[in-house]
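Notes to accompany the following structure.
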Protein chains: 2
Amino acid sequence: MTIPVVNPTVAGSEPGPAVAAPDGSPTRADARRNRAKVMAAAQSVFAAHGVSAPMEDVARQAGVGVGTVYRHFSTKEALVEAIVADHIGPLVEQARLGLESDDPGGAFFRLLQALLDELVSFRPLAEAIAATAEHLAGARSQKDELVTLAVALLTRAQDAGTIRPDVQPEDLELLLSGLAHACDRHGGNQGNGARYLAIVWDGLRTADPTPLGGGLLPAGGH
Amino acid sequence: MTIPVVNPTVAGSEPGPAVAAPDGSPTRADARRNRAKVMAAAQSVFAAHGVSAPMEDVARQAGVGVGTVYRHFSTKEALVEAIVADHIGPLVEQARLGLESDDPGGAFFRLLQALLDELVSFRPLAEAIAATAEHLAGARSQKDELVTLAVALLTRAQDAGTIRPDVQPEDLELLLSGLAHACDRHGGNQGNGARYLAIVWDGLRTADPTPLGGGLLPAGGH
DNA sequence: TGACAACCGGAATGGTCATTCCGTTAGGCT
DNA sequence: AGCCTAACGGAATGACCATTCCGGTTGTCA
């Protein structure tokens with residue numbers, strides 16, 4: 001047992017051994033190189049076969065042994081999380097900028113659109129988003145932060161009159177969840193995802209909305 | 001239960017051994033009883049823990065051994081399919097009636113609503129629907145039939161002017177898929193599912209739709 | 001250049017299922 | 001009542017994986 005590490009670093013991303021010293025120094029060159037190879041391999045393997053693909057496939061694709069994969073990511077979950085973080089980072093950034101825009105509705109739409117693009121290109125992201133959306137409590141991870149920012153953007157878009165006022169953050173969770181899943185299931189066809197988004201978007205901005213409260217009567221039908 | 005289907009035995013439902021003789025005669029009483037117990041147990045176990053729940057849990061809940069479960073359903077998949085068929089049957093019936101209604105829009109909405117209810121009460125149904133929706137080729141199973149009928153209903157609702165004309169059957173697949181997943185992920189809260197449906201519905205019936213074709217520009221934003 | 005960790009690879013381990021096998025039990029029919 | 005066989009139950013089997021272990025390799029630093 002050689003795990004003298006005392007520093008926890010960021011939970012999950014840089015786990016057990018010391019890939020990076022407590023202060024952030026890089027360590028051995030081959031280790032850094034391998035970490036990158038593993039990330040790239042995981043990216044492609046998980047994208048192609050979903051997160052259920054065996055760790056050994058990731059290792060093979062990376063040209064290393066499983067042991068090496070586990071040296072860098074103490075757990076499969078940690079590996080997935082690391083990749084997801086890569087995808088989410090830019091989205092968080094975009095959401096931040098959007099909050100400062102004077103066109104909240106457009107910014108919100110573009111955020112959804114960007115999210116959709118990522119979703120299409122990397123399936124596991126969908127699962128991660130969906131899982132996070134479960135309860136948007138406090139923002140501790142990037143995923144949570146993204147959800148939080150998206151909610152803020154939603155509120156601003158509502159204040160601006162672009163989005164119907166009766167939509168709640170929980171609905172956003174559900175919509176994202178559904179969006180994610182639909183894209184997951186039809187990964188190959190980005191066009192479909194775009195159509196789906198357009199429809200939901202129209203539902204969000206409708207001027208003559210079906211009451212969301214109780215009765216569930218179609219506003220336009222009948 | 002009520003499976004008005006005229007068809008002999010649906011492939012997969014009554015497999016290997018002779019739960020029913022080739023001509024359809026019932027067989028031993030205890031066998032029939034156990035089959036029912038297994039179905040009920042599977043229903044509740046899968047609903048509670050998802051289809052990934054072990055067959056042994058189903059057997060225990062039914063008060064029988066795994067061997068007995070396999071005597072009635074040659075495969076886990078066959079068991080799931082049998083339960084799903086129970087849930088889909090009534091929906092197919094409703095869709096049929098809806099096709100004869102003079103209010104296609106309302107009928108379509110009510111079908112979605114009923115589907116949603118089933119989805120909320122039985123998670124695996126979501127997966128099954130989503131899986132089927134993949135390609136709505138020919139209607140050979142009940143699932144396919146449901147999708148086909150729903151598409152027909154959609155077309156009629158469009159002809160009646162309730163649903164925007166640029167919505168395609170593929171979009172329906174995606175929407176159902178997303179709907180299913182959202183309900184799967186938030187099984188406990190039917191209220192949320194209803195809200196989600198209302199939003200999507202408004203997107204479907206909007207009078208001022210975002211073009212579904214190319215540019216992906218928000219119609220109301222900016 | 002030599003020594004010492006840090007790293008590496010991949011076989012071995014442990015756990016979780018679906019599915020099969022077979023000795024035992026008990027409906028149904030004469 | 002007694003036989004014959006469909007049905008049972010549940011231990012055993014086989015696959016698939018994540019994760020761990022440890023002897024061998026190789027950057028790095030003095």
Side-chain angles (χ1 to χ4, degrees), chain A residues 1-7 9 12 14-23 25-39 41-42 45-46 49-83 124, chain B residues 12 14-39 41-42 45-46 49-82 124:
Chain A
M1 269 303 192
T2 28
I3 307 187
V5 163
V6 191
N7 188 310
T9 58
E14 278 147 62
V19 166
D23 59 291
S25 61
T27 39
R28 274 171 57 168
D30 57 343
R32 233 172 306 135
R33 213 178 312 136
N34 276 337
R35 185 191 167 89
K37 282 198 286 185
V38 168
M39 289 259 279
V45 169
F46 289 155
H49 307 299
V51 269
S52 65
M55 287 295 258
E56 223 170 302
D57 285 6
V58 173
R60 193 177 318 119
Q61 168 97 4
V64 303
V66 262
T68 301
V69 174
Y70 276 93
R71 165 162 294 276
H72 291 285
F73 303 92
S74 64
T75 261
K76 187 179 190 176
E77 190 188 336
L79 174 56
V80 171
E81 227 172 283
I83 299 175
Chain B
E14 279 145 67
V19 166
D23 60 290
S25 61
T27 41
R28 274 168 56 168
D30 57 342
R32 235 172 305 134
R33 212 178 314 135
N34 276 337
R35 186 191 167 89
K37 283 198 286 183
V38 167
M39 289 259 280
V45 168
F46 289 156
H49 308 298
V51 269
S52 64
M55 288 294 258
E56 224 170 300
D57 285 6
V58 173
R60 194 176 317 121
Q61 168 98 8
V64 303
V66 263
T68 300
V69 174
Y70 276 93
R71 165 162 293 276
H72 291 284
F73 303 92
S74 64
T75 262
K76 186 179 189 175
E77 192 187 335
L79 175 55
V80 171
E81 227 172 285

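Each chain gets a letter, A, B and so on, in the order the sequences are listed, and its residues count up from 1. These numbers come from a predicted model, not from an experiment.
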### Query
What dot-bracket string describes DNA chain D from 5' to 3', counting Watson-Crick and G-U wobble pairs whose defining distances are under 3.5 Å, with [ ] for crossing pairs and | for pairs to another strand?
||||||||||||||||||||||||||||||

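Phosphate proximity of dT19(D) to T75(A): present, with a side-chain N or O under 4.0 Å from OP1 or OP2. Between H72(A) and dC8(C), a side-chain N or O to OP1/OP2 separation shorter than 4.0 Å is present. When the side-chain nitrogen and oxygen atoms of N34(B) are compared with OP1 and OP2 of dA7(D), none of them lie within a distance under 4.0 Å.
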### Under 4.0 Å protein heavy-atom contact, by nucleotide of nucleotides 23-30 of chain D - B base, S sugar-phosphate only
---BSS--

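Closest heavy-atom contact between T75(A) and E77(A): CG2-N, 2.9 Å. Nearest heavy atoms, A31(A) versus H72(A): O-CE1, 3.1 Å. Looking at every heavy atom in both residues, L79(B) comes nearest to F46(B) through CD2-CE1, 4.0 Å. Nearest heavy atoms, A41(A) versus Q61(A): CB-CG, 3.5 Å. When all heavy atoms of R35(B) and F73(B) are compared, the pair lying nearest together is NH2-CE2, 3.7 Å.
Of the listed residues (R32(B), R33(B), R28(B)), just one forms a side chain to side chain donor-acceptor pair (under 3.5 Å) with D30(B), and that residue is R28(B).
DNA chain C is contacted by G63(A), V64(A), G65(A), V66(A), G67(A), T68(A) of residues 61-69 of chain A, taking any non-hydrogen atom closer than 4.0 Å. Using a 4.0 Å cutoff on non-hydrogen atoms, the parts of residues 51-60 of chain A near DNA chain D are A53(A), P54(A), M55(A), ordered by number.
Between the NZ atom of K76(B) and the P atom of dT16(C) there is a distance of 15 Å, given to the nearest Å. Look at CZ on R71(A): it is 8 Å from C1' on dC8(C), rounded to the nearest Å. Distance, Y70(B) OH to dC8(D) C1': 16 Å, rounded to whole Å. If you take NE2 of H49(A) and P of dC17(D), they are 12 Å apart, rounded to a whole angstrom.
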In residues 49-59 of chain B, what donor-acceptor pairs under 3.5 Å come from side-chain atoms, sequence neighbours left out?
| unit_1 | atom_1 | unit_2 | atom_2 | d |
| --- | --- | --- | --- | --- |
| D57(B) | OD1 | R60(B) | NH1 | 3.4 |

